[in-house]
Asker: 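Encoded as structure tokens, here's the structure I'll be asking about.
Please read all numbers here as calculations on a predicted model, not as lab measurements. A, B, ... follow the sequence lines: proteins, then strands. Residue 1 opens every chain.
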Amino acid sequence: MSKYAYFPGCSLHSTAREYEFSTKNLSRELGVELVDVPDWNCCGASSAHATDRGLDLALNGRNLDLAAGMGLDLAVPCASCYRRLASSRKSLTENPELRQQITTLLGQPLALSSEVRSLLEVFTTDEALDKMQRGAKKSLSGLKVAAYYGCLLVRPHKETHFDDSENPVSLDKLVTLMGGEALPWPFKTECCGGSLSFTAEDSSRVLIERILNMAKESGAECIITACPLCQSNLDMRQLQLAKEAGRDYNMPVLYFTQLMGLVLGLGEKALGLYRHFIDPRPVLQKVGLV
Amino acid sequence: MLQTVVSEETGVAELVRLSGVNPNQCYQCGKCAGGCPLSFAMDYSPTVIMRMLQVGMLEQVLSSKTVWLCASCKTCSNRCPQDVDVAGLMDALRIMAWRKGSVDRDNRQAAFHRAFLHSIKSHGRLYELGLALAGSAASGRMTKDLDVGLPMLRKGKIKLLPPRIKGRRQIKRIFALTMESGGEQGE
């Protein structure tokens with residue numbers, strides 16, 4: 001059994017609760033123990049790093065210190081939190097002077113967690129995949145999936161040791177392993193606009209539609225992602241696109257944890273499938289997954 | 001790598017100190033603009049921003065739409081053959097704009113960041129409902145936001161009560177020592 005400190009982040013406690021449920025329920029099946037970092041705070045993304053460098057590093061430093069106290073590697077499901085934590089850890093490790101400044105801001109000694117890993121990495125280790133294959137009760141056979149990585153899971157390449165920044169394959173491999181069809185498509189790492197969907201709706205909509213269009217043209221029946229903001233932008237905004245522009249994509253956007261859970265026989269409730277705006281159940285029903 | 005001198009007079013030297021990024025390393029290949037998902041909406045592409053900084057046009061850069069339309073996707077930084085962290089520079093430009101007080105009142109990205117950080121300062125974590133209500137009230141877009149807000153409430157995606165962490169005192173201390181005191185720490 002592998003054990004990690006777990007940093008859910010704000011989205012997983014609100015807009016992405018189905019990511020949290022499916023993660024926790026899946027972790028038990030995969031034999032991965034996730035222990036919540038006690039009293040964690042928001043990582044500040046995407047506002048702190050755009051406002052004050054000390055604020056950004058201190059908010060993330062506090063979380064890294066709490067995780068270090070647990071003596072475990074840190075597993076992070078949200079791509080934005082993952083990037084902020086991993087990037088801050090790198091800056092603070094490489095620059096002792098900076099670390100001293102952040103220690104002053106925190107008013108306490110600052111220990112740094114041993115390693116920051118994305119949840120995707122944690123759930124796709126050889127050990128976890130082996131466990132999944134042996135416990136598989138269903139297959140994704142017949143399901144055409146566009147694996148969407150977004151930005152911060154794999155970029156910038158200098159800061160990440162996981163997958164490829166221009167053509168990542170970890171989600172694709174996972175889909176193939178589960179018997180599904182991972183479609184070749186060119187928008188794996190296109191940006192969904194992130195928080196611009198709240199402040200620059202017109203520009204953000206262009207990005208979201210580009211991704212949805214490409215997924216559709218590529219023949220996808222659903223998109224899978226490992227980022228709560230990508231998921232909510234691509235899923236929720238389809239409501240507005242249908243209402244305001246009359247464009248009905250009807251493209252379900254799932255978390256990779258939900259598909260893994262389905263393969264392992266977890267139920268709709270345990271995976272929060274009913275929480276999506278574009279109901280994924282008809283597509284999943286067609287291939288016998290629900 | 002070739003080291004280039006940045007003029008002290010234009011304020012670009014201050015930007016270089018703040019970001020650790022030197023725009024003079026850019027040789028204008030255009031890869032950042034080519035890959036930027038938002039360049040279509042920007043007034044100056046990232047490549048043009050780099051050139052403007054090279055010739056000292058900091059004021060114009062600070063008041064550009066580009067700085068606030070950057071989504072921090074890091075495609076530019078990832079692809080730059082000169083290893084210039086363009087996205088890091090955009091962060092530093094936003095930080096600098098705050099400090100110089102050159103952020104417009106009607107800048108919606110800036111207003112969002114302010115409301116977001118206020119929420120973190122109060123609760124230690126993001127309180128979405130509080131942020132959404134503050135945002136809608138400020139922008140007068142209440143009905144438009146309700147289109148997504150109500151379905152989110154129905155799906156149980158918005159908590160009614162704010163989260164509250166125990167370490168709020170420490171979070172407030174961090175805010176007091178950083179952005180509320182002019183943000184001189186952590187440079």
Asker: Ignoring hydrogens and geometry beyond distance, is a side-chain donor-acceptor pair present between A:Arg155 and B:Asn78 at under 3.5 Å?
Answerer: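 Checked: A:Arg155/B:Asn78 side chains show no N/O donor-acceptor pair below 3.5 Å.
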Asker: Between A:Ser22 and A:Thr257, do the side chains contain a donor N or O and an acceptor N or O under 3.5 Å apart?
Answerer: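 A donor-acceptor contact under 3.5 Å links the two side chains.
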Asker: Is A:Arg17 in contact with chain B via its backbone, its side chain, both, or neither, using a 4.5 Å heavy-atom distance?
Answerer: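 For A:Arg17, side-chain heavy atoms alone lie under 4.5 Å from chain B.
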Asker: So which part of A:Leu239 gets closer than 4.5 Å to some heavy atom of chain B, the side chain, the backbone, both or neither?
Answerer: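 Looking at A:Leu239, just its side chain touches chain B.
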Asker: Between A:Glu18 and chain B, which part of the residue has a heavy atom less than 4.5 Å away: side chain, backbone, both or neither?
Answerer: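 The answer is the side chain of A:Glu18.
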Asker: Just checking, is any N or O donor in the side chain of A:Glu20 or A:Tyr6 under 3.5 Å from an acceptor N or O on the other one?
Answerer: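 Yes, A:Tyr6 and A:Glu20 have a side-chain donor paired with an acceptor closer than 3.5 Å.
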Asker: Hey, which of A:Glu159, A:Glu190, A:Met236, A:Glu97 has the most heavy atom pairs under 4.5 Å with chain B?
Answerer: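 Of the options given, most contacts go to A:Met236.
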Asker: I'd like to know which of A:Gly107, A:Cys43, A:Pro38, A:Cys192 tops the heavy-atom pair count under 4.5 Å against chain B.
Answerer: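 Option with the top pair count is A:Gly107.
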Asker: Identify which part of B:Thr75 has an atom lying under 4.5 Å from any heavy atom of chain A, answering side chain, backbone, both or neither.
Answerer: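 Both parts, backbone and side chain.
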Asker: Specify the closest pair of heavy atoms between B:Thr178 and B:Ile174, including all atoms of both residues, with the distance to one decimal.
Answerer: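 Looking at all heavy atoms of both residues, the closest pair is OG1-O, 2.7 Å.
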Asker: Of the backbone (N, CA, C, O) and the side chain (C-beta and beyond), which part of A:His13 lies under 4.5 Å from a heavy atom of chain B, both, or neither?
Answerer: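 Its backbone and side chain both get close to chain B.
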Asker: Can a salt bridge be assigned to the pair A:Arg205 and A:Glu244 using a cut-off of 4.0 Å between side-chain N and carboxylate O?
Answerer: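 Between A:Glu244 and A:Arg205 there is a salt bridge, with a charged N closer than 4.0 Å to a carboxylate O.
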Asker: Between B:Gln109 and A:Thr199, do the side chains contain a donor N or O and an acceptor N or O under 3.5 Å apart?
Answerer: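 Note: A:Thr199 and B:Gln109 side chains meet the donor-acceptor criterion.
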Asker: Tell me, side chain or backbone of B:Ile171 under 4.5 Å from chain A's heavy atoms, or both, or neither?
Answerer: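 Side chain only.
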Asker: So which of A:Glu166, A:Arg83, A:Arg210, A:Gln100 has the largest heavy-atom pair count under 4.5 angstrom toward chain B?
Answerer: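 The answer is A:Glu166.
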Asker: Determine, for A:Phe198 and A:Arg237, whether the Lys NZ or Arg CZ falls below 6.0 Å from the six-membered ring centre while staying within 45 degrees of the axis.
Answerer: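 So A:Arg237 does make the cation-pi contact.
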Asker: Check B:Asp83 with A:Lys158, please: is the shortest side-chain N to carboxylate O separation under 4.0 Å?
Answerer: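 Yes, A:Lys158 and B:Asp83 are salt-bridged.
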Asker: What residue in B:Gly88, B:Ser77, B:Gly35, B:Gly156 has the most heavy-atom pairs under 4.5 Å with chain A?
Answerer: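 Heavy-atom pair counts peak at B:Gly156.
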Asker: Tell me, for B:Tyr127 versus chain A, whether the close heavy atoms (under 4.5 Å) come from the side chain, the backbone, both or neither.
Answerer: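 When you check distances to chain A, no heavy atom of B:Tyr127 falls under 4.5 Å.
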Asker: Which of the residues A:Pro156, A:Gly150, A:Ser14, A:Gly9 is involved in the greatest number of heavy-atom pairs with chain B at under 4.5 angstrom?
Answerer: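 Of A:Pro156, A:Gly150, A:Ser14, A:Gly9, A:Ser14 has the most heavy-atom pairs under 4.5 Å with chain B.
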Asker: Between B:Phe112 and B:Phe116, what is the ring plane arrangement, given parallel below 30°, perpendicular above 60°, and tilted in between?
Answerer: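 Answer is tilted, since the angle falls between 30° and 60°.
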Asker: Answer with side chain, backbone, both or neither: which region of A:Gln108 has an atom nearer than 4.5 Å to a non-hydrogen atom of chain B?
Answerer: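 Side chain only.
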Asker: Among B:Leu129, B:Ile120, B:Ile158, single out the residue with the greatest number of heavy-atom pairs under 4.5 Å to chain A.
Answerer: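 Counting heavy-atom pairs under 4.5 Å, the top option is B:Ile120.
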Asker: Hey, are B:Asp91 and B:Arg94 close enough for a salt bridge, meaning a charged N less than 4.0 Å from a carboxylate O?
Answerer: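 Yes.
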Asker: Looking at chain B, which one of A:Gly194, A:Gly44, A:Ser11 has the largest number of heavy-atom pairs inside 4.5 Å, strictly under?
Answerer: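 Between A:Gly194, A:Gly44, A:Ser11, the count favours A:Gly44.
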